[in-house]
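Below: one structure, written as structure tokens.
Predicted model only: the values in this text are computed from it and were never measured. For ligands, and for the atoms within them, numbers begin at 1 and follow the listed sequence.
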Amino acid sequence: MAASNTQQNYDKISELKAFDDTKAGVKGLIDGGIIKVPQIFIHPEALEKKTTNPKNTHFIFPLIDLQNIHINNKEIVKQIQEASETWGFFQVINHGIPVPVLDEMLRGAQRFHEQDIDVKKPYYSRDVARKVMYNCNFDLFSEKSRAANWRDSLYSVMAPNPANPEEIPETCREITIEYSNYVMNLGYTLLELFSEGLGLKPNHLKEMGCAEGLGILCNYYPKCPQPELAIGTGRHADNDFFTVLLQDDIGGLQVFHKNQWVDVPPTNGALVVNIGDILQLISNDKYKSIVHRVLANKIGPRISIASFFSTGPFATSRIYGPIEELLSKDNPPKYRATTMKDFFEYSNKKGLDGNSNLSHYKII
Ligand code: OGA
Ligand code: NI
């Protein structure tokens with residue numbers, strides 16, 4: 001038994017290594033004309049998929065209009081608070097980022113992933129000290145990883161201490177910088193609304209440094225010949241304060257709500273916002289960091305841009321624990337405090353293994 005396990009692991013590792021050495025990602029497999037999903041991508045979650053209830057249409061995914069935010073402030077705060085407490089997810093419209101900027105960001109990501117492999121290769125890395133890197137599965141070699149995800153990604157650190165413009169691939173350089181400036185401004189607005197929704201002063205979360213770090217992940221999900229065997233992104237919750245996600249019109253993103261998977265409907269001009277683990281931790285479980293995933297699809301490529309508000313490994317020594325103003329005798333801290341760096345290192349090492357990062361920090 002032990003011997004056969006070792007054999008299996010050995011084969012898996014050499015298969016992973018052979019795939020990784022191509023530095024061509026899932027896109028490279030598709031370009032090579034593959035018609036079967038390789039073993040390393042056969043994902044237990046894809047095989048379980050059929051058991052979930054397909055009738056999830058009676059849920060209305062929250063859509064919040066940020067127009068006239070100063071006039072309708074109370075109403076908008078209430079909507080954001082409710083969505084953050086129940087879904088941990090919502091979409092926003094009239095968020096201040098022009099549609100042509102959204103479209104060009106999606107096109108820029110597509111241009112990067114679809115250019116010649118020799119141009120992409122130098123960016124291929126999993127070194128978290130790098131400010132710009134491209135790879136297929138940041139946790140490809142993690143022992144806990146259940147299987148590889150059917151996606152390739154380009155990651156750029158935009159704050160603090162952003163990547164030098166020359167480090168960002170030319171195919172998406174200008175738009176990544178422009179888009180990240182817009183997203184940062186939207187992030188400040190969201191932090192005010194999140195703060196007020198917790199009953200705190202509008203600038204509370206910003207002053208805690210919740211928008212000091214920003215990383216932009218450009219995901220490319222190639223079409224999949226056997227979507228019933230693979231998964232685009234396995235179930236996970238985000239290891240940041242919050243995330244702003246731009247998706248194209250293909251769909252596939254699902255949120256685990258009330259014990260079932262609910263589709264996040266692609267909505268023209270809208271952005272998806274979700275609470276991350278650290279905001280759940282500092283809000284002492286008031287806001288929820290909800291598990292989500294992306295299905296693989298026969299049609300593609302699907303492109304998404306995830307903007308993570310987090311300093312990742314570049315954090316200062318600042319400590320994050322449940323916010324004191326929210327605590328009382330009846331509401332004692334549910335988590336131990338941590339640094340962003342520690343939290344990032346823990347979750348990055350753990351990878352997308354399907355389990356919560358937060359349980360590691362939970363005290364009650
Ligand atoms: C992520 C993520 C969703 C998507 O990158 O953390 O959840 O639609 N992405 O690509
Ligand atoms: Ni995510």
task: Dump the intermediate steps for ring pair (Phe, Tyr, Trp, His ring centres under 6.0 Å) on Phe59 and His257, then the final yes or no.
output: CA-CA 9 Å; Phe59 288 114; His257 178 71; 4.9 Å; yes
query: Looking only at heavy atoms, is any part of Asp238 under 4.0 Å from ligand 1, and if so is it the side chain, the backbone, or both, or is it neither?
result: side chain
query: Among all protein non-hydrogen atoms, which one is nearest to atom 1 (C) of ligand 1, and what is the separation to 0.1 Å?
result: His236 NE2, 3.7 Å
- prompt: After noting the C-alpha distance and the side-chain angles of Asp21 and Lys17, does the key distance pass the salt bridge (charged side-chain N to carboxylate O under 4.0 Å, His left out) rule?
  reply: CA-CA 6 Å; Asp21 285 346; Lys17 184 125 184 35; 3.4 Å; yes
His292 NE2 and His236 NE2 subtending at the Ni ion (ligand 2) (10° steps): 90°
statement: ligand 1 to Arg302, heavy atom cutoff 4.0 Å, flagged ligand atoms 4 (C), 8 (O), 10 (O)
message: Between Leu214 and Phe308, is there a side-chain heavy-atom distance shorter than 4.5 Å?
response: no
query: Between Glu45 and Arg146, is there a side-chain N and carboxylate O pair less than 4.0 Å apart?
result: yes
query: With a cut-off of 4.0 Å, which atoms of ligand 1 are near a heavy atom of His292?
result: 7 (O)
- request: Please find the N/O/S atom of Asp238 nearest to the Ni ion (ligand 2) and write down its name.
  value: OD1
task: Could you tell me whether Gln247 approaches ligand 1 through its side chain, its backbone, both or neither, with non-hydrogen atoms closer than 4.0 Å?
output: neither
message: Within ligand 1, which atoms have a heavy atom of Val294 less than 4.0 Å away?
response: 3 (C), 4 (C), 8 (O), 10 (O)
- prompt: Hey, which atoms in ligand 1 end up nearer than 4.0 Å to a heavy atom of Phe308?
  reply: 1 (C), 5 (O), 6 (O)
- prompt: Quick one: are Asn355 and Lys144 in side-chain contact, heavy atoms under 4.5 Å?
  reply: no
message: Taking the side chain as everything from C-beta on, heavy atoms only, tell me whether Val244 gets closer than 4.5 Å to Leu186.
response: yes
field: Salt-bridge present (Lys23, Asp118; N to O < 4.0 Å)
entry: no
- prompt: Is the shortest distance from a heavy atom of Asn219 to ligand 1 less than 4.0 Å?
  reply: yes
- request: Output, in order, the C-alpha distance, side-chain angles, deciding distance and verdict of ring pair (Phe, Tyr, Trp, His ring centres under 6.0 Å) for Phe343 and Tyr361.
  value: CA-CA 9 Å; Phe343 196 89; Tyr361 295 90; 5.0 Å; yes
- prompt: Going by the order shown, which atoms of ligand 1 are within less than 4.0 Å of some heavy atom of Leu217?
  reply: 5 (O)
message: Taking 4.0 angstrom as the limit and counting only heavy atoms of Ser304, give me the atoms of ligand 1 inside it, by number and element.
response: 4 (C), 8 (O), 10 (O)
field: Salt-bridge present (Glu104, Arg111; N to O < 4.0 Å)
entry: yes
- line: for atom 5 (O) of ligand 1, nearest protein heavy atom and its distance come out as Arg151 NH1, 3.2 Å
Ligand 1-proximal atoms of Leu245, by part, heavy-atom distance under 4.0 Å: side chain
